[in-house]
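Quick notes on the structure that follows.
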Number of protein chains: 2
Amino acid sequence: MNDRRPTLHDVAAEAGVSIKTVSRVVNGSEQVSPDLRLHVQDVVDRLNYVPNTLARSLKAGTGDTIGVVIDTIADPFFAALTSAVESTALESGLNVVFGSTGYVPERERSQIERMAMQQVRGLVLAPVLGNHEYLARFRGSFPIVLVDRSFEIDGYDTVVVDDRGATRDAIGHLLARGHRRIAFVGRDERFPTTSDRLDGYHDALHAAGIPVDPLLAPRGQAEEDAAERAVHDLLGTDDGPTAIFSANPRASLGVVHALHELRRTDVALVSFGDFPLARTLEPAVTCVDQDPHRIGAVATTQLLRRLGFDEGRDRIGPAERVVVPAALIARGSGEIEVPR
Amino acid sequence: MNDRRPTLHDVAAEAGVSIKTVSRVVNGSEQVSPDLRLHVQDVVDRLNYVPNTLARSLKAGTGDTIGVVIDTIADPFFAALTSAVESTALESGLNVVFGSTGYVPERERSQIERMAMQQVRGLVLAPVLGNHEYLARFRGSFPIVLVDRSFEIDGYDTVVVDDRGATRDAIGHLLARGHRRIAFVGRDERFPTTSDRLDGYHDALHAAGIPVDPLLAPRGQAEEDAAERAVHDLLGTDDGPTAIFSANPRASLGVVHALHELRRTDVALVSFGDFPLARTLEPAVTCVDQDPHRIGAVATTQLLRRLGFDEGRDRIGPAERVVVPAALIARGSGEIEVPR
DNA sequence: GGGGGGCTGGACAACGTTGTCATCTGTGGT
DNA sequence: ACCACAGATGACAACGTTGTCCAGCCCCCC
């Protein structure tokens, strides 16, 4: 546990050559004669020499990692996103450090500061709602791509889902089945995404000339248990909804549970975000599939372009905003007609 | 994007002091007079100086990150585990790099090699089945804690669930309800965990004097779709099982789906590993809860001890093996009595 | 046989930081 | 008025690596 790792010096001394020669062998430079190369390689293997990336990066002036800052890796959405970031980054030989914010602005900031200290090459960030002017300090040092949440400050590359449009379509899907009283569950002012989805909900109702009933879109239940209670409340009234739109997959779990408890298979449901077993439930749950894997892959590709990995492309240029499509997966629950 | 980040030199020049003084201010050394400290701090803030961890670590001879190497971060089990590693590591000021193996031995090895190059302080590893002698090279440089999978080579700290014992108990639970034909689904020779669980299954059957029917434990279906097909096959026979034990949560999703399709609410089910909506299904699914969060937390704590963070504790000592308890959560599906 | 050119190998500096040690200033004791 | 001393500040080396530059060496050609 306490052995010092061998360095170029150790290998050089053992092989009887200079450190530069060892460096050349390790880096596959052509400037070394074959037999010497073989000899050095032999010593490298024997001593289990592993290059020190820290020193390398210090010399190079830039690290070999990219950072991912998200709410929590325990959320399947961010896990899938991060997984995609990793595979994409790995293709270019970059490692991934991640940090979670817990959706707390101060933690976001301190995590990003840690990343900066680590000399990350670039950053993929799912921003917490709040003031992000401090980010400007860092963007001079490394590119930042925002994901999932559109962001009040312009000038950053962004990869998002068309929350508003996709929700509008989803609500339209329900309206087409005759629903007029559609609840919006999973609303949480803290998340710009659910706010955008609420906007889409309003869009669709307005377009159909249906007045908005605030009681159908209660506040503050992005999480499973709160959503569950909300559904109990909504369906406990005489004038309850005939359809529910759940604004995020965590909330959907609660919604499904409540509907099940209440034995209400007559209530239509569309979930924003897919979840395990959605296809298994009775009725199977119709979802807007937001494809976190794709978001992560696209964001990382954009980051790599800014880093100049994609040769020939501009590494500087105006910020781009990519909108990843979100498909409606009709499984049954969203196709329930309104009772006559 | 291309501004050079300010260094101690820049700050020193701007403040008209030596780099050492700036270093002292940044590191909160007491050896600086108050007014000078204030002045320097001012310049630090103005220039947005951020210390370079790479250089710091190079000087210190050891990095400030710990590595996590797992199958894939997209698996909820590993996501939860990694999340726990992060929170625990963060308390000691350590960052987390992760790498996924895809359960491919070569990728495991190359990921660990990357980690070594990055001078990770320590490693949490969910090992892929295979020869791990190469690990010995690295353990000289940093401590390694194995998680989830017991491992053929001794000498490493390990944090696992008592797969065999927990499964034995789970099968006992079913036997107590009168079941005699219990299927084992989700078996996969590649995973030592499911092999151990199979052993536990055999243990319980032997203890009850029930002959093992190989047809009830078919091979090769750790994944959702394969498990689904296996259940269809098992229940398609005259002499099918009256209870199913599903050896991992991914398989459980397939099992649940198949049972649902077949409308077999009479078949008892216990799942190794909890999953979302398990409590919602009808009947709700009885699970062995393996608590990945706890595994990650315990593993990281052990790692920190080896690193000497937990002052006063031995940082060297014999390898320890921690067995995290797995509780049976009775929800209904596991309590279905055998039909008379 | 001597000089030039191409190739191989090495010495040295630098990346940004911190540890070691030296220097400098001011204070108090005698 | 001098010395000792403590506290503040700075010069320098070193961590492990790579880029730059230079010194050999061999071979070939004149």
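Chain letters run A, B, ... following the sequence lines, proteins first, then strands; residues in each count from 1.
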- [ ] Give the nucleotide from the list D:dG16, D:dT18, C:dT18 with an atom nearest to the side chain of B:N27.
- [x] C:dT18
Open item on the list: Among C:dT17, C:dC15, D:dT17, which nucleotide has an atom closest to any side-chain atom of B:Y49?
Closed with: C:dT17
Task: Closest to side chain of A:S23, choosing from C:dT17, D:dT18, C:dT20 - done: D:dT18
TODO: Could you please name the option among C:dA14, C:dG16, D:dA11 that lies closest to any side-chain atom of B:S18?
DONE: D:dA11
- [ ] Without swapping roles, check the side chain of B:T53 against the backbone of A:M117 for a donor-acceptor pair under 3.5 Å.
- [x] yes
Task: Over all atoms of both residues, closest heavy-atom pair of B:R24 and B:V32 - done: CB-CG2, 3.7 Å
Open item on the list: Nearest to the side chain of B:L8, heavy atoms from C-beta on, is which of D:dG19, C:dT18, D:dC15?
Closed with: C:dT18
Task: Of the listed nucleotides D:dA8, C:dG9, D:dC15, the one nearest the side chain of B:S33 - done: D:dA8
Task: Candidates C:dG16, D:dT9, C:dG10 - which lies nearest the side chain of B:R24 - done: D:dT9
TODO: Mind checking A:I19 for me? I need base, sugar-phosphate or nothing, with any heavy atom below 4.0 Å counting as a touch.
DONE: base
- [ ] Name the closest nucleotide to the B:H9 side chain, picking from C:dT17, D:dT9, C:dG9.
- [x] C:dT17
Open item on the list: Using whole Å, what does the distance between atom C1' of nucleotide C:dT17 and atom NZ of A:K59 come to?
Closed with: 15 Å
Open item on the list: Of the listed nucleotides (C:dG16, C:dG9, C:dT18), which one gets closest to any side-chain atom of A:T21?
Closed with: C:dG9
TODO: Would you indicate what B:L36 reaches in the nucleic acid, counting non-hydrogen atoms under 4.0 angstrom: base, sugar-phosphate, or nothing?
DONE: sugar-phosphate
